[in-house]
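Chain letters run A, B, ... following the sequence lines, proteins first and then strands; every chain starts at 1.
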Protein chains: 2
Amino acid sequence: MISSIAELISDRIGTMPAGERRAAQTLIANYPLTGLKTVAEFSAAAGVSSPTILRFVARLGFQNYPEFQSALQDELAAQLQSPASRTLDPASPAGGAVSPMLEATLDNLRETFRHLSDRQLADIAKTLAERRGKTFLIGGRFTDPLARYMAAHLTIIQPDVYHLAGQESIWRDRLIDMGKRDVLVIFDIRRYQESLIRFAEKARQRGVQIVLFTDQWLSPIARFARHVIAGRTAVPSAWDSSAALFVVAETLIGAVTRQLETAGAKRIRDLESLR
Amino acid sequence: MISSIAELISDRIGTMPAGERRAAQTLIANYPLTGLKTVAEFSAAAGVSSPTILRFVARLGFQNYPEFQSALQDELAAQLQSPASRTLDPASPAGGAVSPMLEATLDNLRETFRHLSDRQLADIAKTLAERRGKTFLIGGRFTDPLARYMAAHLTIIQPDVYHLAGQESIWRDRLIDMGKRDVLVIFDIRRYQESLIRFAEKARQRGVQIVLFTDQWLSPIARFARHVIAGRTAVPSAWDSSAALFVVAETLIGAVTRQLETAGAKRIRDLESLR
DNA sequence: CAAAATACGTAACATACGATACAGCGCTCT
DNA sequence: AGAGCGCTGTATCGTATGTTACGTATTTTG
């Protein structure tokens with residue numbers, strides 16, 4: 001069973017003529033980067049001519065050079081998306097077989113935050129904290145609880161926080177209250193929900209600032225969003241995981257709370273006295 | 001000090017116009033692969049036009065698109081050659097400055113699962129999967145979204161799953177439907193809610209099997225529970241974190257799904273055909 | 001050793017790619 | 001409410017890229 005192009009090459013390298021073999025060796029030497037460059041660069045690196053490179057990829061079974069490059073990119077994408085397979089991780093095997101779910105989730109968290117800078121988080125927190133209007137939160141079928149979770153916290157530290165629940169027609173009517181000073185937080189992972197997309201589009205038309213929590217493939221709503229948070233969702237389960245988005249949400253809640261410390265503290269005291 | 005292009009982007013993403021920001025977001029979402037494709041593919045993925053992509057890379061300081069791609073490739077080459085550096089440093093130099101929240105959450109997850117055996121998880125999954133009656137889920141002020149999240153999944157793979165929402169008087173009346181063949185899943189972290197404790201006690205008297213998600217100090221409900229899951233909640237924030245409980249919930253959802261695979265698969269098909 | 005076959009590189013070609021000019025649009029600010 | 005500015009997309013252009021044909025070199029075989 002041959003899965004990667006590298007294997008394919010080392011499998012056939014024996015049957016290749018000298019020039020193509022040099023091409024193969026230089027590609028393997030720093031795989032797969034040389035293959036992502038242009039034919040001219042590849043040929044220069046290997047010390048052969050361009051046609052030799054093309055014959056080489058043809059021998060591997062590809063119709064043309066772009067097809068070969070696409071295959072390499074796909075392979076690379078698969079590698080980058082599952083860091084677990086790459087890192088041998090001498091730290092954990094002792095703790096071992098605990099739960100593949102846990103391992104995958106830990107990876108997802110690390111990956112998600114790796115693509116998320118402090119700066120970005122601070123910007124979003126600022127958007128949520130300093131909004132001069134109202135905050136609305138909504139989610140999809142499985143992610144709506146995340147919207148609720150966030151709303152439950154935010155509503156304590158600042159006024160005018162609303163979770164949009166129930167039927168589509170209900171939120172649609174709330175659009176009339178929304179304007180450019182307002183913020184809309186949307187959670188949407190695949191399979192992306194049509195109703196949410198429509199809603200986001202209309203909100204955008206009214207000037208609402210949209211903060212989107214989505215997966216790494218980006219919901220179409222990203223088009224309308226001011227801020228996009230892309231969380232990793234792949235786990236060894238029949239379902240996608242929302243854990244990464246959950247943790248980002250908690251992080252944001254914490255950041256917003258810190259920013260509103262002075263104003264928020266008073267509000268919390270007031271709330272306490274109401275009980 | 002800005003070393004990677006990803007940092008450069010997240011540094012300037014705030015100052016970018018909407019279109020270029022979309023480009024930046026799609027690139028970050030699955031970095032750096034989109035940047036290695038052609039301008040046309042990049043623009044299609046981001047949902048913007050080609051010139052916007054070019055303006056985007058120009059804003060990052062590159063003279064032209066090929067120069068930008070070369071920079072990405074160099075970066076990738078450095079990463080691939082030293083796989084170790086990838087997990088340790090790239091974004092988080094000291095292993096920590098990114099987000100203390102993340103570090104704390106990762107610790108919480110590991111600690112939580114360390115005290116949770118496979119056996120225990122399997123038992124709880126079995127309880128949920130093989131119950132002959134109904135499943136009820138309920139949570140506290142901040143944890144109710146977790147109950148909803150779990151309910152949203154379970155209800156797809158098995159019948160008679162109910163999330164208890166709204167006012168206390170409403171759930172109390174549902175007690176009448178509960179018996180010893182039923183399972184009640186409760187989420188309760190401090191400050192523990194009186195109403196939930198009362199409810200749990202009454203349910204216990206009726207013979208209901210209780211599965212409790214709580215924090216490491218254990219809600220009083222633990223007295224009545226058949227199964228107790230204690231999650232770590234401490235994070236550097238004004239709020240406690242429910243992330244560990246969230247991940248345990250996801251793990252259980254996955255386990256239950258696997259156990260009901262045959263029966264569940266049919267149910268899922270039936271549901272699909274209803275849409 | 002000769003002749004054929006295979007491999008390789010040079011050079012010309014066509015395509016598709018990145019770059020640019022321009023016009024329309026929405027947004028902000030006065 | 002109007003004028004100005006900045007952003008974005010359409011259409012066009014030049015060029016670098018992949019591709020192919022062909023001639024030369026090299027190896028293989030009788």
Task: Nearest-Å distance for atom pair CZ/C1', residues Arg204(A) and dC27(C) - done: 11 Å

TODO: Can you tell me the distance, in whole Å, between the CD atom of Glu67(A) and the C1' atom of dT19(D)?
DONE: 15 Å

- [ ] Anything under 30° is parallel, anything over 60° is perpendicular, the rest tilted; go ahead and classify Phe62(A) against Phe68(A).
- [x] perpendicular

- [ ] Return the value, rounded to whole Å, for the distance between atom CG of Asn64(A) and atom C1' of dA14(C).
- [x] 14 Å

Task: Atom pair distance, as rounded to whole Å: CD1 in Ile53(B) and C1' in dG9(D) - done: 13 Å

Open item on the list: Are there over 12 heavy-atom neighbours, none belonging to Ile176(A), within less than 6.0 Å of that residue's CD1?
Closed with: no

- [ ] Quick one: label Pro51(B) by what it contacts on the DNA or RNA (base, sugar-phosphate, nothing), any heavy atom closer than 4.0 Å.
- [x] base

- [ ] Nearest whole angstrom, please: distance from the P of dC8(C) to the CZ of Arg59(A).
- [x] 8 Å

TODO: Decide, yes or no, whether a salt bridge links Asp123(A) with Lys126(A) under the criterion of side-chain N to carboxylate O below 4.0 Å.
DONE: no

Task: Selection from dT20(C), dT19(D), dC8(C) that lies nearest to any side-chain heavy atom of Leu54(B) - done: dT20(C)

Open item on the list: Taking any heavy-atom pair under 4.0 Å as a contact, classify Thr38(A): base, sugar-phosphate, or nothing.
Closed with: sugar-phosphate

- [ ] Would you check, one step at a time, whether the test side chain to side chain donor-acceptor pair (under 3.5 Å) holds for Ser241(A) with Glu250(B)?
- [x] CA-CA 7 Å; Ser241(A) 165; Glu250(B) 280 193 337; 2.7 Å; yes

Open item on the list: Is the terminal nitrogen or CZ of Arg174(A) (NZ for Lys, CZ for Arg) located under 6.0 angstrom from the six-membered ring centre of Tyr162(A) and within 45° of that ring's axis?
Closed with: yes

- [ ] Find the distance Arg22(A):CZ to dA7(C):C1' and express it as a whole number of Å.
- [x] 14 Å

Open item on the list: Tell me the interatomic distance from Phe56(B), atom CZ, to dT8(D), atom P, rounded to whole angstroms.
Closed with: 12 Å

Open item on the list: Pick the closest DNA chain C nucleotide for Gln69(B) and for Val48(A) by heavy atoms, then say which residue is nearer the 5' end.
Closed with: Val48(A)

- [ ] Take Pro66(B) and Ala18(B), find for each the nucleotide of DNA chain D with the closest heavy atom, and name the residue whose nucleotide sits nearer the 5' end.
- [x] Ala18(B)

Open item on the list: From CD of Gln205(A) over to P of dC25(C), roughly how many Å is that when rounded to an integer?
Closed with: 16 Å

Open item on the list: On the nucleotide dG9(D), are OP1 or OP2 found under 4.0 Å from the side-chain N or O atoms that Thr52(B) carries?
Closed with: yes

- [ ] State which of dG18(C), dC8(C), dG9(D) makes the closest approach to the side chain of Ser49(B).
- [x] dG9(D)

